[in-house]
Protein chains: 2
Amino acid sequence: MKTTPLRQEFILHFGEMGSRWGINRTVGQIYALLFLSSEPLNAETITEALGISRSNTSMGLKELQSWNLVRLKHVPGDRRDYFTTPDDLWEIVRTLVAERKKREIDPTLTKLRELEMQGPAGDDYAEARIAELRELIEMMTGFYAEMEKLETERLVKLMTLGSRIAGLIDKTGGMIPSLTKRK
Amino acid sequence: MKTTPLRQEFILHFGEMGSRWGINRTVGQIYALLFLSSEPLNAETITEALGISRSNTSMGLKELQSWNLVRLKHVPGDRRDYFTTPDDLWEIVRTLVAERKKREIDPTLTKLRELEMQGPAGDDYAEARIAELRELIEMMTGFYAEMEKLETERLVKLMTLGSRIAGLIDKTGGMIPSLTKRK
DNA sequence: CCTTCGTTTCAGAAATTTCTGAAATCACTG
DNA sequence: CAGTGATTTCAGAAATTTCTGAAACGAAGG
């Protein structure tokens, strides 16, 4: 396991960014290490490469597995678990977005619907604001669901349309008036 | 400052979600309170409504200001500062996305470019992976830049196109081959 | 069914983040 | 330019999160 200065710096950066991304330093570092590694690594190797405790590695890997961000591999004749990240970066992005949505958006959408269910609370302003927020989140998650369905090639085409995007949507499609009326 | 049960629950939810969103509980609660309030609130009112210390309110508001998520208002004949959230939810979303990009994506993009600048490090796999990651992030931020330019009405149209989105991009536009080739 | 190798769990230690109260600062007003 | 009210700063306290080492667990292989 050579750790070149290039890798080192990349790994440290991911560690530092970890907290901003809602994971901790160790998890960020483990992920970075796996990301740059062409072959799968086992927990012992990771532990040594990062200079952390064995149990910390175990917890970090568990966390990454809960995010579906690592794949478990088995080497024939070796009982240890080996881990990798997917080769396909788009797969990684899709997973990341899906998981963040699940953790950061869905619980709130559920809560907003719940609050609306509880019926009129005699607080018109708050009720209106909550309804409006719920509508907006629903619109965005609906859009996301469509994007998610696209195969990667189409997604790339869409993303590289550049300024032609604006032109695409001139004459087409419906809208939700209540969300566009605000001044 | 009436705090109805509806508001209360909304505020508590935003407080709990705070940590997942990369802000802390207090900041989440302050934002939720302001979001549901039709009139601007001053720091003292916020402090009382949330049962926190005055200094905590001050720090929370500072944080929200650094995110550009609150607006400062002044009531004539009152020297205290009053705070609100924008009426327009789309403005809020735009701000949120822009700030998160600035904090979570841009530093990494900069770092990746920096690493590539340092020239060949004799570590082909890592270098290729880093270049690929940088390309992908650039594509996504480029797409984001286009979306950001759209006026809200077009954005809403685009988002509500539903399954017609897939059809839109059949025959159009270029792509970056290196990013679509992977199996 | 014991041994060995590998992994996970968990209680406490260490580090970090958040929150508070007191003091400092700032900015109008008389 | 003193006095008052509003806001910010900041050092330490409290709370939370992360990390570790030791022990528990699990699953082949003999």
Side-chain angles (χ1 to χ4, degrees), chain A residues 1 11-12 14-34 40-67 69-84 103-104, chain B residues 1 11-12 14-34 40-67 69-84 103-104:
Chain A
M1 251 306 301
I11 290 167
L12 290 179
F14 268 58
E16 281 165 29
M17 294 300 288
S19 51
R20 302 200 193 184
W21 296 337
I23 57 177
N24 65 40
R25 179 173 34 214
T26 304
V27 174
Q29 291 186 354
I30 294 176
Y31 192 78
L33 179 67
L34 293 177
L41 304 178
N42 63 46
E44 184 55 24
T45 310
I46 295 170
T47 300
E48 283 163 14
L50 300 180
I52 59 180
S53 73
R54 184 59 187 65
S55 54
N56 199 5
T57 303
S58 177
M59 285 177 148
L61 286 169
K62 205 176 112 196
E63 171 86 357
L64 284 172
Q65 281 176 294
S66 87
W67 280 80
L69 280 172
V70 292
R71 309 230 159 300
L72 187 54
K73 293 247 161 143
H74 277 111
V75 174
D78 185 338
R79 358 199 198 111
R80 290 171 294 180
D81 290 339
Y82 284 78
F83 299 88
T84 34
R103 288 155 201 252
E104 300 181 6
Chain B
M1 249 307 299
I11 289 167
L12 290 179
F14 267 58
E16 281 165 28
M17 294 300 287
S19 51
R20 302 200 194 182
W21 297 336
I23 58 178
N24 66 39
R25 178 174 34 216
T26 305
V27 173
Q29 290 187 355
I30 294 176
Y31 192 78
L33 179 66
L34 293 175
L41 304 178
N42 63 47
E44 184 56 23
T45 311
I46 295 169
T47 300
E48 282 163 14
L50 300 181
I52 58 179
S53 74
R54 186 54 235 292
S55 54
N56 199 5
T57 304
S58 176
M59 286 176 148
L61 286 169
K62 205 176 110 197
E63 170 88 355
L64 284 172
Q65 282 175 293
S66 86
W67 279 81
L69 280 173
V70 293
R71 309 231 159 299
L72 187 53
K73 293 247 160 140
H74 277 112
V75 175
D78 186 337
R79 346 198 202 120
R80 290 172 296 180
D81 290 340
Y82 284 77
F83 299 88
T84 34
R103 287 155 200 251
E104 301 181 4

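Every chain is numbered from 1, with letters handed out A, B, ... down the list of sequences.
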Practice task
Looking at every strand, decide which applies to A:Asp81 at a 4.0 Å heavy-atom threshold: base, sugar-phosphate, or nothing.
Solution key: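 Touches sugar-phosphate only.
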Grab the N/O contacts between the protein and nucleotides 26-30 of chain C below 3.5 Å, and write none if there aren't any.
none

Can you tell me how far the [atom1] atom of [X] sits from the [atom2] atom of [Y], to the nearest 0.5 Å?
X       : Y       : atom1 : atom2 : answer
A:Arg25 : A:Asn56 : CZ    : CG    : 9.5 Å
A:Phe83 : A:Ile46 : CZ    : CD1   : 6.5 Å
A:Arg54 : A:Met59 : CZ    : CE    : 12.0 Å

Problem - Residue closer to the 5' end of DNA chain C, B:Arg54 versus A:Ala43 (nearest nucleotide) - result: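 Here A:Ala43 is the residue nearer the 5' end.
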Would you say [X] reaches [N]'s phosphate, i.e. side-chain N/O to OP1/OP2 under 4.0 Å?
X       : N      : result
A:Thr26 : D:dC19 : yes
A:Lys62 : C:dT7  : no
B:Ser53 : C:dG21 : no
A:Ser58 : C:dT8  : yes
B:Arg80 : D:dG5  : no

N/O contacts under 3.5 Å, protein versus nucleotides 13-17 of chain D?
none

Handout entry: From B:Asn42, B:Asp81, B:Ile30, residue fulfilling side-chain contact (heavy atoms from CB on, under 4.5 Å) relative to B:Leu61
Key =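 Only one of B:Asn42, B:Asp81, B:Ile30 forms a side-chain contact (heavy atoms from CB on, under 4.5 Å) with B:Leu61, namely B:Ile30.
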Exercise for the section: Answer yes or no: is there a donor N or O on one side and an acceptor on the other, between the side chain of B:Arg103 and the main chain of A:Arg20, under 3.5 Å? Expected result: no
Handout entry: Close side-chain approach of B:Ile11 and B:Leu50, heavy atoms under 4.5 Å
Key =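 Yes; the side chains approach each other to less than 4.5 Å.
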